[in-house]
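Below, chain A is the first sequence line, B the second, and so on; all start at residue 1.
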Protein chains: 2
Amino acid sequence: MKRVTSRDVAEYVGCSVASVSLVVNGQHEGRISEQLHARILAAIDVLDYRPNQSARSLATRTPSNVVLVCPDVRNPFFGDVFHGIVESLSGKYGVDLRVGPGGADYDSDTVREAQAGNIAGLVLANPSHEVLATFQATCPTVLIDSPDATVSLDRVDIDIRDASRQIAEHLTSLGHRWIAYLDVRRSKDTFVQRREGLEGSLRANGGNIVATAFADELSVAEGSKVFLSSWQEWDAVGVTAIVCADDMLAFGVVGAAHSIGVPIPDRLSIASYNDIPFAQLLDPPLTSVTFDGQELGRLAGQKLLAAIQGDRSGNLTMQTHLQARASTAPAPPTPPAATRTPGSR
Amino acid sequence: MKRVTSRDVAEYVGCSVASVSLVVNGQHEGRISEQLHARILAAIDVLDYRPNQSARSLATRTPSNVVLVCPDVRNPFFGDVFHGIVESLSGKYGVDLRVGPGGADYDSDTVREAQAGNIAGLVLANPSHEVLATFQATCPTVLIDSPDATVSLDRVDIDIRDASRQIAEHLTSLGHRWIAYLDVRRSKDTFVQRREGLEGSLRANGGNIVATAFADELSVAEGSKVFLSSWQEWDAVGVTAIVCADDMLAFGVVGAAHSIGVPIPDRLSIASYNDIPFAQLLDPPLTSVTFDGQELGRLAGQKLLAAIQGDRSGNLTMQTHLQARASTAPAPPTPPAATRTPGSR
DNA sequence: TTGAAAGCGCTAACAT
DNA sequence: ATGTTAGCGCTTTCAA
């Protein structure tokens, strides 16, 4: 398994490694004879020589890869983001994806590991406050969906507050007043804004968040679990709609609601953020705010390219739009246990 | 953005790079004075020095990363696989994920690029025949779901033929005889086996594949598209069930069937391979054969570890089990256009 | 206990 | 047209 080196090729041909290097890099025009050129090419083929990329970028000081660090590829959203980045960087840089160990979110160590390779650029999707607080740029870096970040890095954001506003107005226009919020226990700007934005817009429209629960992670299973342990209480309080911080949680809630016979949307409306492609196939189709992950990735890729060339391109915020589907409907006329007015918990 | 090097640290402290190296690698016991040790540590902290991983693995000839190459992370299955590998290799190696450019499948170039870094190991998920035919190992490599591969590499496979058998028996036991197969235009063993296995088991049980269509890629949109352009013909032939080569396609079929008012499962049953977590939340819940992507990844990680240590651990085949859900039901008593006997096309 | 020096595989001046 | 040489940032003998 010993790898073939340029020295091996040179010895095989009987020339210097410099000549091999010139040929490999296509710099041979007028520098290497047709003769030698052909023999080197042949030797490369015979020996199956592949230049060692790390050695090469060490020598040239121009790395050839960038890396995307994201919380969890099992959430299709990040698959989309990755795909967008690959698309916009294709041909220019190789793109590697990195996640934290153990399916948990990534932390500063994960980022430092990613920075340890010599890379041309870095994209951080959804960084936690901890990551942001300790982050030291070692190469051009762009942030995705990190709306309140104070670090001086280019960002491509999602207009989260507006997304929350759309959900809030949709729900209140359907007559929902007592709303539960299923948050995730992650210290990230985007989730802070989801909750705060929702709360603000709800209040402005006569609604309120009357109950909140926290998922430990953004997974379907967690969504189910938290719903099952909260529903009895929420039901008693007269909750008619649940907003989830992410589709993954909403999926879990929908599944669990089915399992205990809570009719959606007749008894309970469900809305969420992300609108991953599967959301519209759900039973019932899920009302969700669309974040275009692929476009987000594409833009991040372009910003990274600019940053690598030394042009800071500033921030950019993508708009979202609500997809109202069958998981939300008018609030039941007399919420079963609505013995109180919104806001009075 | 100039990166701090060990030389910078050495100059700052006023010592040699060798001493810095020893401290960084924890080899300082009895070789470096407490004095110097402390000063170097302090300098590392002040300057925020991070060893260049590529330089380091160049020098030691012991790389610290492995890479997983897979077709498309937007298919949650590969997200699971990745997660499994990360889990089993966590702490030992960093794991990078690579895909082909443009959302298409990866090809030999993608693999060669991945091999160009200096890496400890490589995992190829679902390699095409083209990739396999041109593949040259440059480091320990393991294959995932590449059942007929003749290359001499460790593999972790899925018992695809048995998966097909389960689907076939399930469908025929429900009385289905005229079955359409939605294949994908990919030259891969796993898809060959899905189709051949299905065909064989169907025949053995009185059913038959009476029509086949091909998707260009494994996406929900492609599933819808191909279904819409095929259904009229299939309907005419009396097809009562469709088997899809992957859940992604099945999702598209289900969505499209809804859109044109074909009742599932009353008129049409749908079954598929993979059972990604969203399958059971579909409307109706999708009958599918479970492939445990995460476990597959975990096993691949272990095999890779063994291979790196020089132990070839051979092949391993994972069993699957059918999840019969509401998307499959007894065939309609008189298939609308069943004017012919199975097999007579 | 510390430093000098060679070398990992490659590129890029600079010689010849 | 080709080879020699000096590094890229790091580790690792080997001397001091």
Report task. Might you work through the side chain to side chain donor-acceptor pair (under 3.5 Å) test for B/E130 and B/S187, ending with a clear yes or no? Result -> CA-CA 8 Å; B/E130 183 254 324; B/S187 174; over 6 Å; no
**Report entry** Side-chain heavy-atom pair A/L304, A/V66 within 4.5 angstrom cut-off
**Finding:** yes
Query - Sugar-phosphate, base or nothing in reach of B/L36, heavy atoms under 4.0 Å - result: sugar-phosphate
Query raised in the report: Rounded to the nearest Å, what distance is computed from the CD atom of residue A/Q53 to the C1' atom of nucleotide C/dC10?
Result: 10 Å
Report summary line: Looking only at D/dC10, D/dT11, C/dC10, the nucleotide nearest the B/S21 side chain is D/dT11
Requested in this report: Give the C-alpha distance, both sets of side-chain angles, the deciding distance and a yes or no for salt bridge (charged side-chain N to carboxylate O under 4.0 Å, His left out) between A/K303 and A/D154.
Outcome: CA-CA 7 Å; A/K303 273 199 183 307; A/D154 293 327; 5.6 Å; no
Query raised in the report: To the nearest angstrom, how far is A/R31 atom CZ from D/dG3 atom P?
Result: 12 Å
Report task. Whole angstrom is fine here: how far is it from CG in A/L22 over to C1' in C/dC14? Result -> 13 Å
Requested in this report: Verify whether one side chain among A/T317 and A/D157 offers a donor that lies under 3.5 Å from an acceptor in the other.
Outcome: no
Report task. Round to a whole Å and report the spacing from CZ of A/R50 to P of C/dG9. Result -> 16 Å
**Report entry** Nucleotide D/dA1, atom P - distance to NE2 of A/H37 in whole Å
**Finding:** 13 Å
Query raised in the report: Between the two ends of the helix from C/dT1-D/dA16 to C/dT16-D/dA1, what is the bend in degrees, rounded to 10 degrees, where each end axis spans five pairs?
Result: 50°
**Report entry** Check: B/L299 and B/M318 side chains under 4.5 Å, non-hydrogen atoms
**Finding:** yes
Query raised in the report: Does A/R50 come within less than 4.0 Å of A/D48, counting only side-chain N to carboxylate O?
Result: yes
Query raised in the report: Whole Å only: how far is the CD atom of B/E34 from the P atom of C/dT1?
Result: 10 Å
Requested in this report: Begin with the C-alpha distance, continue with both residues' side-chain angles, and end with the deciding distance and a verdict on side chain to side chain donor-acceptor pair (under 3.5 Å) for B/T134 and B/S108.
Outcome: CA-CA 7 Å; B/T134 60; B/S108 297; 2.6 Å; yes
Report task. Would you mind checking if B/D105 and B/K188 are paired as a salt bridge, meaning a charged N to carboxylate O distance below 4.0 Å? Result -> yes
Query raised in the report: Is the distance from OP1 or OP2 of C/dT1 to the nearest side-chain N or O of B/S33 less than 4.0 Å?
Result: no
Query raised in the report: Can a side chain N or O of B/S54 be found less than 4.0 Å away from OP1 or OP2 on D/dC10?
Result: no
**Report entry** Atom-to-atom span, CD of B/Q35 to C1' of C/dT1 - whole angstrom
**Finding:** 12 Å
Query raised in the report: Once you round it to whole Å, what is the distance between P of C/dT11 and NE2 of A/H28?
Result: 14 Å
List, with names and distances, any nitrogen or oxygen atoms from the protein found under 3.5 Å away from nitrogen or oxygen atoms belonging to nucleotides 5-8 of chain D.
| residue | atom | partner | partner atom | Å |
| --- | --- | --- | --- | --- |
| D/dC8 | O2 | A/A59 | N | 3.2 |

Query raised in the report: Is the A/F291 ring parallel, tilted or perpendicular to the A/F77 ring (thresholds 30°, 60°)?
Result: perpendicular
Requested in this report: Mind checking B/N25 for me? I need base, sugar-phosphate or nothing, with any heavy atom below 4.0 Å counting as a touch.
Outcome: sugar-phosphate
Requested in this report: May I ask you to say what B/R56 touches in the nucleic acid, namely base, sugar-phosphate or nothing, with a heavy-atom cut-off under 4.0 Å?
Outcome: sugar-phosphate
Query - Under 3.5 Å donor-acceptor, B/H83 side chain and B/Q294 backbone - result: no
Requested in this report: Just compare D/dT12, D/dT13, D/dC10 and give me whichever is closest to any side-chain atom of B/Q27.
Outcome: D/dT12
